[in-house]
2 protein chains.
Amino acid sequence: MSDHVHEAADLTKNQSLVMGALTRSKGPLSAYTILDQLRDNGFRAPLQVYRALDKLVEFGLVHRLESLNAFVACRHPGCDGDDTIAFMICERCGQVNEISDNDLALRLKHLAGEASFALKKTTIELRGICRTCQAS
Amino acid sequence: MSDHVHEAADLTKNQSLVMGALTRSKGPLSAYTILDQLRDNGFRAPLQVYRALDKLVEFGLVHRLESLNAFVACRHPGCDGDDTIAFMICERCGQVNEISDNDLALRLKHLAGEASFALKKTTIELRGICRTCQAS
DNA sequence: CGCAATCTCGTTATGAGATAACGTCACACA
DNA sequence: TGTGTGACGTTATCTCATAACGAGATTGCG
């Protein structure tokens, strides 16, 4: 059984609220945007958001997008706990697509192996224009 | 001839100073660290550094590491102007290695193509422990 | 020449992103 | 009972990045 999804039940109130904000959103959100959205729920300080985000990322429910300083709820198809995920980020509409590709992951592992590099975490972010935005 | 290196001659004074700081450094530097190093050269404000960095990145002489909010001088072997570069970042010693791998680049282009995603820029950053640091 | 366009630069102020440090509270469990 | 742990709230502070304004220098052209 994946230990990736079933944590959802164990979320604390703050974690649930932050997770909710991210799930409702069409695209990535910055910590401060989340904070603003949750002021009515009693959020007052950035740390409340960051603490929740840290845990959600740890659980694998949320990904951090380094090139945007923002966060997205995990939507990647077949949510298999893979830790080598590529993100395609549309610079026009802001939507983010998650891609889990085995060849890609293997290639990266191979390259790390060649260099005797003990790989802990990979960040792959592709910037461009998505199909929908190209059409319009 | 590559249009990647020969720009160096055209650098302005500020750009040269920033480039020098990055070239001297063993690892990546944040903009504010560069600022501090260049105070004796008349630098007083972050913008002086950021403006130079913007140009240097544009010229391909410097890379930005998204996951560190820092910058490195381009050292990648065979400096061929490739825009799909992977970085291996050692979390212990801070050193950064650039890797230019054709298979990896092709795979990413293929994935983007499959999704009809117009790829503009790729960010690949691997975090872990380098060979040297594992030994010690 | 005269004058616009463009580029770099310097400065001040401010906006965004992230964390340190401190104390409180609730709960589990020996 | 009391001790440890983890989430929480608050204030202050740190780091990263850019907006907005104006001054010089350079180029190119009528």
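Values below: all heavy atoms of this structure, side chains included; hydrogens, waters and symmetry mates excluded. Numbers restart at 1 for each chain; the letters A, B, ... are given by sequence-line order, proteins then strands.
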TODO: Not counting sequence neighbours, which residues clear side-chain contact (heavy atoms from CB on, under 4.5 Å) with R92(A)? List them please.
DONE: C90(A), I129(A), C133(A)
Could you pull out all donor-acceptor pairs under 3.5 Å where a side-chain atom in residues 23-30 of chain A meets a protein atom, sequence neighbours excluded?
unit_1	atom_1	unit_2	atom_2	d
T23(A)	OG1	M19(A)	O	2.7
S25(A)	OG	G27(A)	N	3.0
S25(A)	OG	G27(A)	O	2.5
S30(A)	OG	Y32(A)	N	3.4
S30(A)	OG	T33(A)	N	3.1
S30(A)	OG	T33(A)	OG1	2.8

Task: All stems with DNA chain C, defined as three or more consecutive Watson-Crick or G-U pairs under 3.5 Å - done: C:1-30 with D:1-30
Task: Heavy-atom contact window of chain A on DNA chain C, given 5' to 3' at under 4.0 Å - done: dG17(C) to dA21(C)
- [ ] With sequence neighbours excluded, tell me which residues meet salt bridge (charged side-chain N to carboxylate O under 4.0 Å, His left out) with D54(A).
- [x] none
Task: By side chain to side chain donor-acceptor pair (under 3.5 Å) - contacts of N97(B) (at least two apart) - done: none
- [ ] Under the salt bridge (charged side-chain N to carboxylate O under 4.0 Å, His left out) rule, collect the residues that match up with R51(B), sequence neighbours excluded.
- [x] none
Task: Non-neighbouring partners of Q37(A) that pass side chain to side chain donor-acceptor pair (under 3.5 Å), sequence neighbours left out - done: none
Open item on the list: I'd like to know if R75(A) pairs up with E98(A) as an ion pair, taking the criterion as any Lys NZ or Arg NE/NH1/NH2 lying under 4.0 Å from an Asp or Glu carboxylate oxygen.
Closed with: no
Task: Members of residues 18-28 of chain B that approach DNA chain C, where some heavy atom sits under 4.0 Å away - done: none
Task: Partners passing salt bridge (charged side-chain N to carboxylate O under 4.0 Å, His left out) against E58(A) (at least two apart in sequence or in another chain) - done: K55(A)
TODO: Decide yes or no for N102(A) and L106(A): does some side-chain heavy atom of the first lie under 4.5 Å from some side-chain heavy atom of the second?
DONE: yes
Task: salt_bridge(R127(A), E125(A)) N-O dist < 4.0 Å - done: no
- [ ] Could you list the residues that satisfy salt bridge (charged side-chain N to carboxylate O under 4.0 Å, His left out) with K13(A), not counting sequence neighbours?
- [x] none
Task: Any Q95(A) side-chain heavy atom under 4.5 Å of C130(A) side chain - done: no
TODO: Between protein and nucleotides 9-18 of chain D, map the contacts as a letter string: B base, S sugar-phosphate only, - none, heavy atoms under 4.0 Å, written 5' to 3'.
DONE: BBB----BBB
